[in-house]
Amino acid sequence: MSTQPETLQQRLERLNSALEEGSTGQVRRMLNRGLAAVDVAQLLESTPPREREQLWAMIEPELQGEVLQYLVDDIQTEFLGRMSVEQLLSIARRLDTDDTADLLQRLPNTMIQRVLAAMGTAEREQVERVLAYPEDTAGGLMDTDTITIRPEVTLAVVQRYLRRHERLPESTDTLLVVTRRRELIGHLPLTRLLVSDPDITVREIMETDLVTLTALTPETEVASVFERFDLISAPVLSLDGKLLGRITIDDVVDVIREGAGHTMMSMAGLEDDEDTFAPVLRTGRRRAVWLGINLIAATVVSVAIGFFEDTIQRIAALAVLMPIVSSMGGIGGSQTLTVMIRGIALGHVSRTNLRWLVVRELLAGSLNGVLWACVVAVIAVVRFDDLQLGVIIALAMVINLVTAALVGTLIPVLLKRLSIDPALSGGVLLTTITDVVGFVAFLGLATVFYT
């Protein structure tokens, strides 16, 4: 009879029970031998600060580096900030170059220089090569641990060369063929190496149709290239065509996962790397900024409503129906905004097709506006026995839904051109505009019709 694998929640409960019972030996075994590094990282992220400190102290030093690379930035920075140069150096020697560079970037510049100074020359040069590029580019993602071969050697020589390695770099699916000046001229898939005649040269069977990336390629574009071409790895070149390193699929999966988390958290005005159990003051400070921005937006809406105070006092039904107009506009605009942000992230939106998208969204907004305006108008007439009120709310809903479609399409494009993250700012702008337009249209029409 098969048993279901233990879930993360069950592991966490078992770990907490062991901690409460004082069974530190059992906890140590779970952390160091019973769980994968990524599961240990999840357990640490799912634990309040005091218990997290206890768990971290029980993890063996040789495993801490592997666990660190799976933690969110806040917790990484917290643990790294308390380590000595010797501890950091020990961790760096167990990680790939790109992972080492990622961790070092969480440290103050003075500490980074101290760690680099303690490294060997070859190791330091590799890490510095990655640190020279922003971490959200191909150069910042790449691993310099790459096996290269020359075109003039035979496959038998290549096979003997590979056997001299204790292990191949992770996700090695092909060998990169370079000249003596490290100019990339092709690649040799391992599958071809294994089945071809050992006496022929690399040049005779190497492939030249290789997808490459430049060091300054943005990470979002890197992820898009891997997705389009189903890549396992891709070489990274300097501007003059020299091989710098390679990016592997595991790094790209991290980019995609972080991108999804960033979009979700940004729409709420939060940081995607925030610790779930962060201290109260840090959490409050980060959220206060966007709450303040939202307060300003809400004040603008209130001012707009204030201009029609006399109309609202005369016709109480307006106060009952007002939220419907703004809510429908907000939802319709959010749908358009989400589609556009996704399209921009995937590289689908450009100047050539923007007009088509605007027309499509305007037509869709108009269609939904007319449909739901009729429904709400009938409800308003039946509820308040006022035909004029039904016409007013119907017109206001059409106006607001069309406006929401237009604004939801254009805001992400404009913000992107201004180098502002649409996911971070788009929602606040959209909600403010649709609320103002909805209320002004509804109350303005009511003022005209009833005076």
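The analysis underlying the following values was restricted to heavy atoms, covering all of them including side chains, and did not include hydrogens, waters or symmetry mates.
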task: Heavy atoms only: give me the nearest Val358-Leu410 pair and the separation to one decimal.
output: CG2-CD2, 3.9 Å
- request: Check Val236, Thr217, Leu237 against Thr212 for a side chain to side chain contact (heavy atoms under 4.5 Å, CB included) and give me the one that passes.
  value: Leu237
- prompt: With a cut-off of 6.0 Å (strictly less than), are more than 12 heavy atoms of other residues, nucleotides or ligands near CZ of Arg50?
  reply: no
message: For a quick check under 3.5 Å, do Thr403 and Asn400 share a side-chain donor-acceptor pair by atom type?
response: no
query: Closest heavy-atom contact between Tyr161 and Thr148?
result: CE2-O, 4.0 Å
message: Within the 4.5 Å heavy-atom criterion, are Ile112 and Leu131 side-chain neighbours or not?
response: yes
query: Would the number of heavy atoms belonging to other residues, nucleotides or ligands and lying under 6.0 Å from CZ of Arg355 be above 12?
result: no
field: Met119 side chain near Gln126 side chain, heavy-atom distance below 4.5 Å
entry: no
Heavy atoms from other residues, nucleotides or ligands near CD of Glu170 exceed 12 (cutoff 6.0 Å): no
message: Which residue is it: Thr97, Asp98, Asp96? I am looking for the one with a side chain to side chain contact (heavy atoms under 4.5 Å, CB included) to Thr144.
response: Thr97
field: Heavy-atom closest pair, residues Val436 and Ala304
entry: CG1-CB, 4.4 Å
field: Closest contact, heavy atoms only, Tyr133 versus Met142
entry: CE1-CE, 4.1 Å
- prompt: More than 12 non-hydrogen atoms from neighbouring residues, nucleotides or ligands closer than 6.0 Å to CG on Leu418, yes or no?
  reply: yes
statement: Closest non-hydrogen contact found for Val130 with Ala101 is CG1-CB, 3.5 Å
query: Between CE of Met206 and CZ of Arg192, what distance do you get to the nearest 0.5 Å?
result: 11.0 Å
statement: For Ile185 and Pro151, the nearest pair of non-hydrogen atoms, with its separation, is CD1-CG, 3.7 Å
Residue of the set Thr77, Asp74, Asp73 for which side chain to side chain donor-acceptor pair (under 3.5 Å) holds with Arg106: Asp73
task: Might you confirm whether atom CZ of Arg114 has over 12 heavy atoms from other residues, nucleotides or ligands at distances under 6.0 Å?
output: no
query: Does a donor on one side chain and an acceptor on the other come within less than 3.5 Å for Thr24 and Arg28?
result: no
query: Between Glu125 and Arg129, is there a side-chain N and carboxylate O pair less than 4.0 Å apart?
result: no
task: Scan side-chain atoms only and decide if Thr409 and Glu361 contain a donor-acceptor pair under the 3.5 Å cut-off.
output: no
